[in-house]
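The structure appears below as C-alpha cells.
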Number of protein chains: 2
Amino acid sequence: MSDLRLDDLDHDLLALLQRDASRTLRDLGDEVGLSPSAVLRRVQRYRCAGLLSHNVAVLDPRHVPEVILAVCLVTIEDDTPEEGRRYRERLLEVPEVQQAYEVSGDYDYVVVLACVGMRRENEVAKRLFQQDPNVKRYTTLFVLDPVRTGSALPTRGPDGVGGVTGATD
Amino acid sequence: MSDLRLDDLDHDLLALLQRDASRTLRDLGDEVGLSPSAVLRRVQRYRCAGLLSHNVAVLDPRHVPEVILAVCLVTIEDDTPEEGRRYRERLLEVPEVQQAYEVSGDYDYVVVLACVGMRRENEVAKRLFQQDPNVKRYTTLFVLDPVRTGSALPTRGPDGVGGVTGATD
DNA sequence: TCTGAAAGTTTTCATCC
DNA sequence: GGATGAAAACTTTCAGA
C-alpha cells in the first residue's frame with residue numbers, strides 16, 4: 001500500500017468516471033485535454049492501486065414499480081464484538097439491504113432497505129429487526145422522495161487535504 | 001410509459017449488471033445461457049425503457065484517505081412546499097451530499113455526507129444544517145464501518161409482485 | 001427470438017517524443 | 001509523463017433459420 005499522488009486531471013477524471021463510466025477513452029480525453037492512451041494509463045493506475053474497484057449499472061427506481069426505500073435506525077443490545085460481527089453478517093445475507101452502516105451517536109446501525117412491495121419490506125424488517133435478539137429497538141423512515149442517490153466519493157478536500165493511497169502492484 | 005415484462009433471465013441479467021457492469025456480452029451470455037447478441041437485445045430493451053439509466057465507477061473508500069461518511073438526520077421547520085423545494089435544491093448544490101432522502105417518521109430528511117477531512121465535514125454541516133433557516137435541528141451519526149454500500153435495487157418481489165414499467169421509444 | 005458471421009469501434013500496447 | 005499508430009478485443013448489426 002503506497003501513496004498515489006493525484007493531480008487535478010486525476011481528480012477530474014475520477015469525478016467524470018463516477019458520474020458516467022461508459023464514456024470512451026477518447027471522449028474522456030477530449031474533455032480533460034489528454035489523448036486516449038494517456039487517459040488509459042491513468043485509469044489503469046487507479047485500478048492497480050485499488051482506488052477504482054469496479055463499475056456498476058444504475059437502475060432508475062421510477063421504472064421499477066412498487067420499489068420502496070426505507071431508512072431504518074437500529075439500536076442494539078449491548079453485545080460482544082463477536083455478536084456484532086454476526087449481526088453484520090446477517091445483514092449482508094439479505095439482498096434487499098442496499099446499504100448498512102455501523103455508526104456512532106444516537107443509534108448503532110443505519111440500514112437502507114430497497115424492497116419490491118410493502119409485503120417484502122415487512123418480511124425483511126421482521127427478520128432483521130423485530131425477531132433479531134441483538135436488536136433492542138428500531139424505527140423506520142419511509143422514503144417519500146429520493147432527492148439524490150448514489151455512492152460517489154469526493155477525492156479532494158478543501159485545500160491540500162486528500163492524498164490518495166493505494167496498493168502498488 | 002408501457003409495461004416491460006421481465007422474465008427470470010431479465011431479473012438475473014439486471015442483478016449481474018448491478019454488481020458489475022464491465023462484463024462483456026459474451027461473458028454475461030455464458031452465465032445466463034444466452035448468445036452475446038441475445039443479451040445485447042435485452043440490455044437495449046432495458047435502456048430504451050429507461051430502466052437502465054447509466055453506469056458509474058465505484059471507488060474503494062479505503063483507498064481515499066481521510067474520507068469521512070456521516071448520516072445526518074434532519075428536522076425542518078414547518079414550511080411551505082416552495083420552501084421545501086428550495087431546501088432540496090440547496091442540498092443538491094453540495095457535491096459532498098452523496099445521498100439525500102425526504103422521509104416520513106421521526107425526521108424529515110436523511111442526508112449522507114461523504115467528505116475529505118473533518119474540516120470539510122464541519123463546513124458542509126454548518127452550511128446545510130446549522131445556518132439554514134429551514135432546519136429546526138439535526139443530529140449527526142458518524143460512520144464507523146460501512147458494512148455495505150451501493151445503490152442496487154431488487155427488481156422482483158417475493159411472489160409475482162414486481163412487473164416493470166418503462167417508456168417505449 | 002436465437003444463432004453466427006461481418007463491420008465498425010474501442011481498448012490496449014509498443015514505440016517514440 | 002504524453003502522443004502516435006498498429007494489433008487485439010469487444011460491441012453492434014444483419015442475414016438466415
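Worth saying up front: this structure is predicted, and the values here are computed from it rather than measured. Chain letters run A, B, ... following the sequence lines, proteins first and then strands; every chain starts at 1.
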For the CG atom on A:Asp78, are there more than 12 heavy atoms of other groups (residues, nucleotides or ligands in this structure) within a distance under 6.0 Å?
no

A:Glu89: partners by side-chain contact (heavy atoms from CB on, under 4.5 Å), with sequence neighbours left out:
A:Arg85

Within the distance-only criterion (no hydrogens, no angle test), does the side chain of A:Arg26 pair as donor or acceptor with the backbone N or O of A:Ser35 below 3.5 angstrom?
no

Partners passing ring pair (Phe, Tyr, Trp, His ring centres under 6.0 Å) against B:Tyr87 (at least two apart in sequence or in another chain):
B:Tyr109

Distance-only donor-acceptor check, side chains A:Thr75 and A:Asp108, under 3.5 Å:
no

Can you give me the closest heavy-atom contact between A:Leu52 and B:Ala57, atom names plus distance?
CD1-CB, 4.0 Å

Expected output is a numbered-order residue list: members of residues 15-29 of chain B with a heavy atom under 4.0 Å from any atom of DNA chain C. What is it?
none

Looking at A:Arg137, I'd like to know if its CZ atom is crowded, meaning that more than 12 non-hydrogen atoms belonging to other residues, nucleotides or ligands lie closer than 6.0 Å.
no

Without swapping roles, check the side chain of A:Glu83 against the backbone of A:Thr80 for a donor-acceptor pair under 3.5 Å.
yes

More than 12 non-hydrogen atoms from neighbouring residues, nucleotides or ligands closer than 6.0 Å to NZ on A:Lys136, yes or no?
yes

Under 3.5 Å, N/O pairs linking protein and nucleotides 13-17 of chain D:
residue : atom : partner : partner atom : Å
D:dT13  : OP2  : B:Gln44 : NE2          : 3.2

Any ring-ring contact (aromatic ring centres under 6.0 Å, His included) involving residues 131-157 of chain A? Give me the pairs, sequence neighbours left out, ordered by first then second residue.
A:Phe129-A:Tyr138

Contact span of DNA chain C against chain A, any nucleotide atom under 4.0 Å from a heavy atom, 5' to 3', runs C:dT10 to C:dC13

